[in-house]
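Here is the structure we will look at, set down as structure tokens.
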There are 4 protein chains.
Amino acid sequence: MRSDATERQFTFIERARRAQILACATAALAERGYAGATLADIARRAGVSKGVVSYHFAGKDDLLDQLVADFYGRAGTSIAARVEAADTAADRVRGYLEANLAFVAEHADGVRAVLEIVANRRDADGALHFRPTGSDPLVDHLAGLLAELPGVGPKATHARNLAIVVRAAIDAAAGRLLTEPTFDPAAYTRDLVRLIETARLTETAGNSHDQHA
Amino acid sequence: MRSDATERQFTFIERARRAQILACATAALAERGYAGATLADIARRAGVSKGVVSYHFAGKDDLLDQLVADFYGRAGTSIAARVEAADTAADRVRGYLEANLAFVAEHADGVRAVLEIVANRRDADGALHFRPTGSDPLVDHLAGLLAELPGVGPKATHARNLAIVVRAAIDAAAGRLLTEPTFDPAAYTRDLVRLIETARLTETAGNSHDQHA
Amino acid sequence: MRSDATERQFTFIERARRAQILACATAALAERGYAGATLADIARRAGVSKGVVSYHFAGKDDLLDQLVADFYGRAGTSIAARVEAADTAADRVRGYLEANLAFVAEHADGVRAVLEIVANRRDADGALHFRPTGSDPLVDHLAGLLAELPGVGPKATHARNLAIVVRAAIDAAAGRLLTEPTFDPAAYTRDLVRLIETARLTETAGNSHDQHA
Amino acid sequence: MRSDATERQFTFIERARRAQILACATAALAERGYAGATLADIARRAGVSKGVVSYHFAGKDDLLDQLVADFYGRAGTSIAARVEAADTAADRVRGYLEANLAFVAEHADGVRAVLEIVANRRDADGALHFRPTGSDPLVDHLAGLLAELPGVGPKATHARNLAIVVRAAIDAAAGRLLTEPTFDPAAYTRDLVRLIETARLTETAGNSHDQHA
DNA sequence: CATGAATGAGGTTTCATTCAT
DNA sequence: CATGAATGAAACCTCATTCAT
């Protein structure tokens with residue numbers, strides 16, 4: 001019953017154990033997948049008994065939720081710092097992409113673990129717990145950045161569709177990093193940045209077929 | 001013990017039962033997720049007993065594998081017909097995208113089910129069964145089509161990175177379709193087609209920043 | 001998932017298994033108490049695996065609820081037959097008591113088991129599942145019979161208090177039967193019947209002290 | 001390891017802590033029942049850590065045993081004072097009942113807690129720890145008082161059976177008090193006293209039906 | 001072909017107890 | 001004296017699989 005809604009102050013030892021357990025859970029999820037990441041496996045990786053996990057977290061669901069919250073918190077902080085430091089729209093987009101892909105490259109297991117949880121964790125009624133909603137904050141935020149690019153324009157639909165593509169491209173990079181030894185994240189980032197910067201989605205930019213003529 | 005390696009000839013009734021069970025398994029996976037799609041649930045949806053499923057398939061794993069193979073087979077046939085009917089490189093790419101997204105739009109449950117299986121099914125050793133490999137045939141095929149576009153060029157890396165982005169964009173569309181009521185697949189397809197056709201990834205095409213000047 | 005709200009038709013084999021499991025659960029509860037009557041113990045007594053119990057009942061709670069319902073159903077049938085066969089108020093009360101105590105004497109384990117469940121089974125919020133309410137049907141029914149006795153009278157309070165005493169006396173007999181080798185249920189029944197038949201609770205019947213004078 | 005067989009002298013602080021813990025255990029048992037009264041719950045109510053409970057009592061069983069002994073000691077003292085102050089047999093019986101029911105009414109939680117323990121606590125072999133024996137001291141004592149009443153007579157069986165009924169009636173009052181808002185303990189006591197005082201259990205008293213004539 | 005019945009491994013959770021600080 | 005942390009047994013439940021009918 002540790003994780004009260006009211007933010008509790010944890011002792012140093014407690015924080016260390018919780019961090020260790022979250023790290024082992026991340027490794028278990030990345031390696032064994034959602035169903036394979038059992039409490040027994042997590043405890044074994046941490047070198048403790050199963051009861052320890054139940055002692056420090058209200059239950060497995062609580063553990064998974066905190067893992068997700070912890071990951072998103074750290075990712076958001078890291079990326080926001082980079083975006084806010086840029087001056088132009090193009091730099092913000094490039095900074096967003098580079099920071100995102102750098103974070104993904106450095107926390108590949110975390111990405112994998114969070115994807116496993118988000119894709120599989122369900123409530124008692126069978127519905128996805130992290131339900132994809134119409135107002136996806138990640139996509140909305142990115143769409144705002146992209147709308148400032150001249151080739152995209154302020155039309156909400158274009159920016160939003162492009163944001164969906166880019167978010168998917170970022171998530172795909174995580175998967176490639178983990179499974180494809182020859183995958184070059186730096187080159188991928190460059191290509192993705194260029195793809196976006198050269199994009200001409202606005203209707204007034206002329207028919208795309210004509211450009212080839 | 002029906003699904004031998006040697007292609008067996010199935011009776012009409014047998015084929016009908018297998019198709020019915022696969023359809024119910026697809027619905028169960030799409031609705032309840034990987035862990036929630038139990039044999040009991042699948043059998044209940046089909047209106048038969050659990051034993052029937054075990055009789056027609058060697059086991060749950062066999063059922064899932066056949067579901068995936070069946071889906072890929074039908075998707076490949078549908079898309080190949082469209083690509084082969086095109087004359088120019090640009091038309092082939094556009095045909096590929098439109099056929100793909102159309103198939104996704106018409107078989108949303110199938111896409112969801114296959115994604116659940118591919119993302120979760122594991123072998124006894126814990127490794128993913130449908131392991132993403134360096135030689136992803138879907139990506140390779142698409143990269144071949146994209147390499148013919150003037151803005152991409154024959155350099156393998158560019159085409160491959162773009163192919164990864166496009167495949168991710170297609171898969172993302174599947175997810176949006178299922179959860180976002182306002183998602184417009186036709187507009188998304190148009191934007192994605194234009195994004196690719198206007199792409200300028202080749203270094204010699206000039207610096208992308210300059211193009212804006 | 002057998003015990004649907006809609007009355008399902010059970011096969012002969014199924015009914016036999018359910019009856020056997022309920023009997024073994026009754027024995028386990030009577031012998032080991034509420035906490036000691038585990039599924040493992042019940043299954044061991046029935047000579048089957050733990051899974052069998054879960055197969056035939058939705059869960060332990062379902063099993064316990066059905067045990068209680070089954071017992072009350074059989075007790076009610078047995079006692080009602082005797083009460084309805086009587087012509088006078090005194091005969092109805094005597095029949096009620098004798099039938100009750102006879103049933104208790106013949107189903108001592110069942111009584112003990114039901115008492116264990118009623119006293120201990122709780123809902124998720126910690127409240128007793130079989131919550132004693134102001135309108136206890138057993139007490140109310142008995143109070144109705146007692147109100148017809150001349151020494152009790154129609155005043156609701158007297159009849160109800162006496163009914164509480166008599167119900168407690170019946171339940172106590174169950175406990176004695178199980179633990180006191182020298183307890184004579186027939187003599188107890190005679191004494192209890194006489195106690196009630198000689199009762200003078202009405203105020204107008206004269207002061208009880210005066211009767212001794 | 002404090003509660004040695006040899007009576008140890010406790011410090012003031014120690015006695016206060018023990019009393020506090022026993023009070024909280026009583027509340028926990030009354031509210032949550034036997035299984036729900038965990039050491040964690042008791043410690044939480046007392047505002048101390050679980051270790052404190054283990055420190056002051058040899059274990060949970062020791063705590064429960066001392067709770068029962070403490071309650072019976074206080075109840076016995078309170079009731080004996082009232083019985084010994086009476087001069088006639090009828091007054092002793094009435095004093096016993098009134099003192100008993102008054103104690104029950106004033107210590108409802110304690111009664112509930114003791115009933116929970118007595119009904120559920122078991123030894124390692126599964127047998128009830130507070131085993132109802134043939135020589136129940138409470139019943140024997142009450143039977144001695146009742147035997148002096150003219151309507152009961154010296155025959156041991158009558159007195160004993162009536163004592164069983166009266167003990168059950170007293171225990172039932174405890175339950176009603178806790179769950180039935182409209183239950184009137186004073187009226188119940190009056191009715192129970194009159195029921196006993198008007199009892200005619202001796203065979204020679206004539207047929208009970210004739211008395212109505 | 002189809003079913004109901006049974007199995008048993010494996011999962012999460014609870015909790016009394018112990019121990020170093 | 002008191003605490004937080006850890007343990008490990010035991011409980012209930014789920015579910016893929018097997019088998020006799």
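Just so it is clear, the values below take in all heavy atoms, side chains as well, and ignore hydrogens, waters and symmetry mates.
The side chain to side chain contact (heavy atoms under 4.5 Å, CB included) search around Ala46(C) returns Gln20(C), Cys24(C), Val48(C), not counting sequence neighbours. By the side chain to side chain contact (heavy atoms under 4.5 Å, CB included) test, Asp41(D) pairs with Ala28(D), Arg32(D), Thr38(D), Arg44(D), Arg45(D), sequence neighbours left out. Scanning for side chain to side chain contact (heavy atoms under 4.5 Å, CB included) contacts around Ala119(C) gives an empty result, with sequence neighbours left out. Under the rule for a salt bridge (Lys or Arg N to Asp or Glu O under 4.0 Å), Asp109(A) has no partner lying at least two apart in sequence or in another chain. By the side chain to side chain contact (heavy atoms under 4.5 Å, CB included) test, Ala35(A) pairs with no residue at all, sequence neighbours left out. Residues satisfying the side chain to side chain donor-acceptor pair (under 3.5 Å) criterion with Arg122(A), sequence neighbours excluded, are absent altogether. Residues that satisfy the salt bridge (Lys or Arg N to Asp or Glu O under 4.0 Å) test with Asp123(A), not counting sequence neighbours, are Arg131(A). Applying the ring-ring contact (aromatic ring centres under 6.0 Å, His included) criterion to Phe71(C), with sequence neighbours excluded, gives Phe103(C). In this structure Arg121(A) satisfies the salt bridge (Lys or Arg N to Asp or Glu O under 4.0 Å) test together with Asp61(A), Asp65(A), sequence neighbours excluded.
None of Leu67(C), Thr26(C), Leu64(C) except one satisfies the side-chain contact (heavy atoms from CB on, under 4.5 Å) rule with Val114(C); the exception is Leu67(C). Shown are Gln66(A), Arg17(A), Arg15(A); of these, the side-chain contact (heavy atoms from CB on, under 4.5 Å) with His56(A) is made only by Arg17(A).
Between Tyr55(C) and the phosphate of dA5(E), there is a side-chain N or O to OP1/OP2 separation shorter than 4.0 Å. OP1 or OP2 of dA6(E) lies within a sub-4.0 Å distance of a side-chain N or O belonging to His56(C). Side-chain N/O atoms of Arg17(C) include none lying less than 4.0 angstrom from OP1 or OP2 on dG4(E).
Atoms CG (Asp62(B)) and P (dT17(F)) sit 10 Å apart, rounded to a whole Å. Taking atom CZ on Phe57(A) and atom C1' on dA6(F), their separation rounds to 15 Å, with Å as the unit. Rounded to whole Å, the distance from CG on Leu64(C) to P on dA11(F) is 15 Å. Taking atom CG on Leu63(D) and atom P on dC15(E), their separation rounds to 16 Å, with Å as the unit. Note: CG (Asp61(B)) to C1' (dT17(F)) measures 12 Å, nearest angstrom. In this structure, the CD atom of Gln20(C) is 13 Å from the C1' atom of dA5(E), given to the nearest Å. Rounded to whole Å, atom C1' of dT13(E) lies 12 Å from atom NZ of Lys60(A). A straight line from CD1 of Ile13(A) to C1' of dC19(E) spans 13 Å, rounded to a whole angstrom.
Near DNA chain E, defined here as any heavy-atom distance below 4.0 Å, there are no residues from residues 115-123 of chain A. Looking at residues 25-52 of chain D, you'll see Val48(D), Ser49(D), Lys50(D), Gly51(D), Val52(D) sit with a heavy atom under 4.0 Å from some atom of DNA chain F.
Across the C1' atoms, dT21(F) and dC1(E) are found 13 Å apart, a figure rounded to whole Å.
Listed by first residue number, the stems of DNA chain F with at least three Watson-Crick or G-U pairs below 3.5 Å are E:2-21 with F:2-21.
With Glu116(A) contributing its side chain and Gly33(A) its backbone, the two residues share no donor-acceptor pair below 3.5 Å.
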